[in-house]
Each structure stands twice: as structure tokens, then as C-alpha cells.
Amino acid sequence: MYDPIHLADSVNIDQAWKSLAQVARDQLTDGQCGSLELDIQAAFAADSERQSRYSREAAGLQLDFSRHAVNPALWSALLDLASAAEIKTAAAAMFSGEAINHTEGRQVLHAALRAGPDSRLSNAQLPQKQQVQQVCKQLAALVERVHSGVRCGYSGRAFTDVVNIGIGGSDLGPAMVTQALTPYHSKLTLHFVSNVDPSHLVNTLKSLNPQTTLFVIASKTFTTLETLTNATSSRQWLQQHAGVDVDLSEHFVAVSSSVEKAEAFGIGRDSIYPMWDWVGGRYSLWSAIGLPIALAVGWKNFKALGNGAASMDRHFIEAPLDQNLPVILSLLEVLSVNVLGAQSHAVLPYDQNLAQLPAFLQQLTMESNGKRVDRKGEQLARASCPIVWGAAGTNGQHSFHQLLHQGTHCIPADFLVPLQSHNPLDDQHVHLVTNCMAQAKALLFGKSEVEAKRELLQAGCSEQQADLLAPHKVLPGNRPSLTLSFEKTTPETLGALIALYEHKVFASSVIWQVNAFDQWGVELGKQIGVSIYQEIQHRRYNKKSASVFDPSTEALLQQLMTLESNKKDERKPALSN
Ligand code: F6P
């Protein structure tokens, strides 16, 4: 019987951690940045098979982790840890519909959303599968109606633009995938508004025609402040242009697990597409939350995205630990954080269309595993989730890569690269790929002081000048990275890539013994925000304070109130173009 709290034998896990620590002490040396280090260059020199030994393939993705800080002893200790943590048992529990999100009493079934007919999901998911199929049919029909112009704006003109209003999981996944699949776009133009900062909505609506703009209001809970305020302002914008008596119902669709709340907001029941509490927000792009993706690239491509993810699901369930891409990525993360002492992790997609992948992975990883207590509620004995960040290459090379090469932090990097472009423009894509290769090589092999000095002397420097400058030109190298390459960024490959990271995050949560599927840490700030807003309202209308906050909050609040009372006319009730 699955027990979410005592998932694996803690004696086995403790023993595996101890063995890993012992192997690390035996195999690693003191590193450049106060952390431990493996001499990866020496490991390459000693093992002619190293590249193939640490390369794997699944679902169209090639993983090369030979540049990471692994050797046979460390790898074996890491695999023992994965076994002791019982990742496979935990994965089976997730796929078979156990309520593994025990702090919210919820199942975790995002994989059911992309399960094909040969799915390994057990019969326990049948009700979910039927629900999914029904909503899929409705979504496919909506996409068709919007594309064909049958569903159109209040003046009878076909929609040209879609604005998705949502935040967090109701924004990042759909926005990232929509951009990633730009080569597959239909004639609809997609826009994403997330921030409560009015500039986000105002700037977006500026160039849009109200007659031809469709809004998707995406919120799992339908209580999120940012989304509801932006949705209200969008409706006002439309009313301002169309007139308050005009029926604007065709301009709004909603996606939510709270159909009643969406209806109460004023969206017609036929235009509300359900999702369910068994899909976490950051795992929800496969649900109706993915509607903007389907509108952008068509239903066939949206399904292909799900099929790619389903291949990775099968791989995650079936492949042995040593061959299992999500498990391998997770073990490299554990190695980086808990052995090498890395606090951050760089994600570097060499694909401009994947520019939003780091932001998506930030939520996926850090909202899932940014936790300080284990599943029992006890303080973790060791570090958990690293800080995830990154940007598309080659842009990052002209900015933060300096720190990756010569800074004082150990920052393992994931290089992601499609080998072919959708836009084969002369040799530009070849330059992109060679830059990716060059960065990974430079991180590993670096440049010694001897080489640096030789170059300086060859360039005409005096011996004294060369001695002075050489230390500044040294790149110590030996900085771990991995490469994920694939033929092209297609819907299938992208689906597999996203599912790979989803399962990696899950596998790490199992090893760290945290619940990856709740996010209680985000609630306090929301509650305080509400209480400060209530106080502002009180001071506005009663001209006196009801609550006093801490001195710092109070000072800023008073600055805000003073400015507001001096410029009363500045708040605008509605938007106009
Ligand atoms: O505040 C965090 C969060 O709850 C995320 O987990 C979620 O993806 C986001 O807000 C948006 O929530 P909703 O889809 O309910 O509007």
C-alpha cells in the first residue's frame, strides 16, 4: 500500500546518502570555489569511452552528460540513492492515481492528459480519461470554430488576435510553448498578459482591434487577483469600444477548475472549459490551459505536443534507472547541489524560440522543490532545489557567461540545442550550434595560465606584461555541463523535453523527500497584499488608519497615499486605445 509520508525505507536512504558522501570524499578534491570538484578533464583522458558511457537517448532527445562531474564510483553511488529513494515506486503511484500530493489530498495526473491509447495508466484513471476526452473534443471544436471564423467578434469579423489572461502555470507554459512553436503558427496572433501591472495589459491592447480580439481567461482557481483584475479591465475595454449593450460573450472563453466562479464572473457556461484539481498549475499546459497553444498551432500540433510528452512518460516508467533520462537529470542535480555544493543551475537553450524555457522551468522547478521540510514536515537535513535561471544562447554569451567561465560559483549548465533550424538562413544556424559546442568545451577545458601567457607573448607582450595579464585570462575549466540535442524543435520533441523536466523535478522531489505538488510558500504574500489593499481602501474612504503595519511598510504606504491624494484624478476607471 502506497504511503506518501513513508515512501521509502529511511534507513536505506540514509545509508545511500552516507555512501555517496564517502565516495565523494574518496573521489573528489577541493574545488575552485570552496566546493568539491571532480577532475573531468582527467576523467576524459583516462577513459576513451567516456562520451558514450555517459550518453543516452529517448523520445528524440540525445543526452550527453560526459562533461558532468561523474565517474563510475560516483555514478554507482547516485544510482544506489535513486534505488533507495524508490523513484520507480513513487512514479507508479503518481501514474496510477494515488493522492501523492498529500498536503492537499490530491492526485497528480497531468500525464493522463496526454496519455495515448497505449497508455500505461491503470483503469483507476478511467473517469479522468473520459473527462479529458470530452474536454478535448470541445476544445478541438472551439479551435476549428475560431480558425474558420464561425466564432467571431461582435461585428461579425473573424478573430485575428487572442489575448491569454493568466499567470504562473496559467501563463508560463502556454506562453513558452506558443513561442517555441512559432514555425507552426496559424494566422492568429497570440498575446499573453499576466502581470497585475496595468502596463502589461495597456501595452498589449494598444495595437489590438476590439472587434477582432478574443480573450482567454485562464485561472485554475478563478480567484487570482492578477487574472481577475486584468479580465475585468479587458471587458471594460471591449465595452468602451462596442458599447455596453452589445453582446460580447463570443469574445470571452474561460479555463478553470471552478466553472461556477467563471460563470459568476460573467462567462457563458458554453465558453468555460474545465480543468481539474488533479492537475497542478505548473503542469497544466496539457489541459485546457493549453488552449492558446492549440489556437496558435492548431489542434493537430497540440496533440503532437502531447504525444511527444507521452513518449517521455513511457520512457520514465519503463527505462531502468541507469538509462532513464529524467532520473539521470535528477541525479546530476542532486550531485550538483548536495555533493558539489552548487546553489544555482543555468538553462541555456540555443534556440531563440525557446527563450522562455528558463522562465517556465523556474516555476516548474522552484515552485515544486523550493521546500524546506520533508513529506513528514520535518526540516530537511540537506539542501534541496537550486536556483534556476538562464537565457537563450548566444545572447547569454555576451552577458552572464563571463561569470560561468571565471566567477567564483559552481554553476552546472544544461545546453539545449536543435541541430536543424526551421529558418535555414545561410550558415547562421551552424554558427548557433558551433557557439553552443564552444561554450560547453570552454567551460570544461578552460585555459591554463601557461597557455594564457604563451598567447600574450605571441601577441607581442613583454614577459612582465604577460605575467601581469595572464591570471586575468585564465579560465579554470572543469565546470560541469550537459547537452540535450535534438533534430529540430517540433511539437513532439518539445513535448518530450517538457515532460523530461517535469519528471526530473519529480524524481528530485522523491530523492529529497519533499512534496513537489503543493506551493504553500506563495500564500502569505497574497494574504498580506489583500490586507494592505483593504487598509488603503479604509484610509481612502474613512481618512484614518484601521491598522498600522511595520515601519517600513507603513512608510511606503504613506508615500503612496500622499501621492494619491495630491493627484486624485490619476486613477482611470477603464482603458481606451
Ligand atoms: O501563486 C501561485 C499560483 O497558485 C501558481 O501555483 C499558479 O500556477 C498560479 O498561481 C495561477 O493560479 P490560477 O491558475 O489559479 O490563477
Side-chain angles (χ1 to χ4, degrees), residues 100-101 103-110 113 135 139 163-178 192-197 200-201 215-235 252-267 272-293 356-371 385 388 498 501-502 505-506 509 514-533:
I100 63 168
N101 176 0
T103 59
E104 297 183 303
R106 288 179 181 170
Q107 299 168 292
V108 176
L109 281 171
H110 48 277
L113 295 162
V135 175
L139 289 168
V163 181
N164 186 76
I165 295 184
I167 196 164
S170 302
D171 166 70
L172 289 163
M176 180 275 286
V177 174
T178 299
F192 291 85
V193 174
S194 51
N195 202 331
V196 74
D197 180 343
H200 202 177
L201 183 66
F215 290 92
V216 177
I217 315 299
S219 175
K220 178 177 168 184
T221 56
F222 229 83
T223 57
T224 304
L225 170 87
E226 290 88 338
T227 303
L228 297 188
T229 49
N230 277 322
T232 304
S233 296
S234 306
R235 187 158 56 193
F252 288 95
V253 297
V255 179
S256 184
S257 63
S258 180
V259 173
E260 302 70 35
K261 289 204 177 86
E263 209 175 4
F265 183 81
I267 313 268
I272 303 172
Y273 296 84
M275 60 180 297
W276 307 275
D277 69 4
W278 43 267
V279 186
R282 51 194 173 274
Y283 300 87
S284 66
L285 69 90
W286 320 99
S287 72
I289 289 288
L291 174 61
I293 304 171
Q356 295 185 57
L357 185 70
F360 168 75
L361 291 182
Q362 281 178 330
Q363 188 200 15
L364 179 67
T365 315
M366 298 200 279
E367 205 176 53
S368 296
N369 287 343
K371 308 282 165 68
C385 189
V388 176
I498 298 168
Y501 278 100
E502 285 178 351
V505 166
F506 175 63
S509 78
V514 300
N515 177 6
F517 301 104
D518 61 15
Q519 58 284 319
W520 299 107
V522 303
E523 295 306 324
L524 178 62
K526 291 183 195 172
Q527 287 159 11
I528 298 175
V530 169
S531 68
I532 297 174
Y533 182 69

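Here the structure is a predicted model, which means the values were calculated and not measured. Atoms within each ligand, like the ligands themselves, are counted from 1 in listed order.
Annotation for ligand 1: atoms under 4.0 Å from non-hydrogen atoms of G168 are 8 (O). The K526 neighbourhood of ligand 1 comprises atoms 1 (O), 2 (C), 4 (O), with distances under 4.0 Å to a heavy atom of that residue. Atoms of ligand 1 found under 4.0 Å from any heavy atom of T224 (numbered from 1 in listed order, with element): 12 (O), 13 (P), 15 (O), 16 (O).
Taking 4.5 Å as the limit, every side-chain heavy atom of T365 sits out of range of all side-chain heavy atoms of Y501. By the 4.5 Å heavy-atom criterion applied to side chains, F252 and R235 are counted as neighbours. Counting only heavy atoms from C-beta outward, the side chains of H200 and N230 never approach each other to under 4.5 Å.
Contact detail for A262 and A254: the closest heavy-atom pair is CB-CB, 4.0 Å. The two residues P292 and I289 make their nearest non-hydrogen contact at CD-O, 3.2 Å.
In this structure E260 satisfies the salt bridge (Lys or Arg N to Asp or Glu O under 4.0 Å) test with no other residue, sequence neighbours excluded.
Of the polar atoms of E367, at least one N or O is found under 3.5 Å from an N or O of ligand 1, judged by distance alone. Backbone and side-chain nitrogen or oxygen atoms of R282 are examined, and none is located within less than 3.5 angstrom of a nitrogen or oxygen of ligand 1. Inclusion of V522 in the set of residues having an N or O under 3.5 Å from an N or O of ligand 1 is not warranted.
The shortest separation from a heavy atom of Q363 to ligand 1 is under 4.0 Å, placing the residue in contact.
Here the shortest heavy-atom distance to atom 14 (O) of ligand 1, taken over S170, G280, G169, belongs to S170. Residue I167 holds the heavy atom nearest to atom 9 (C) of ligand 1 of all those in T223, I167, D171.
The nearest heavy-atom contact from the protein to atom 15 (O) of ligand 1 is T221 OG1, 2.6 Å.
Checking Q519, E502, H110 one by one against R282, the side chain to side chain donor-acceptor pair (under 3.5 Å) holds for a single residue, Q519.
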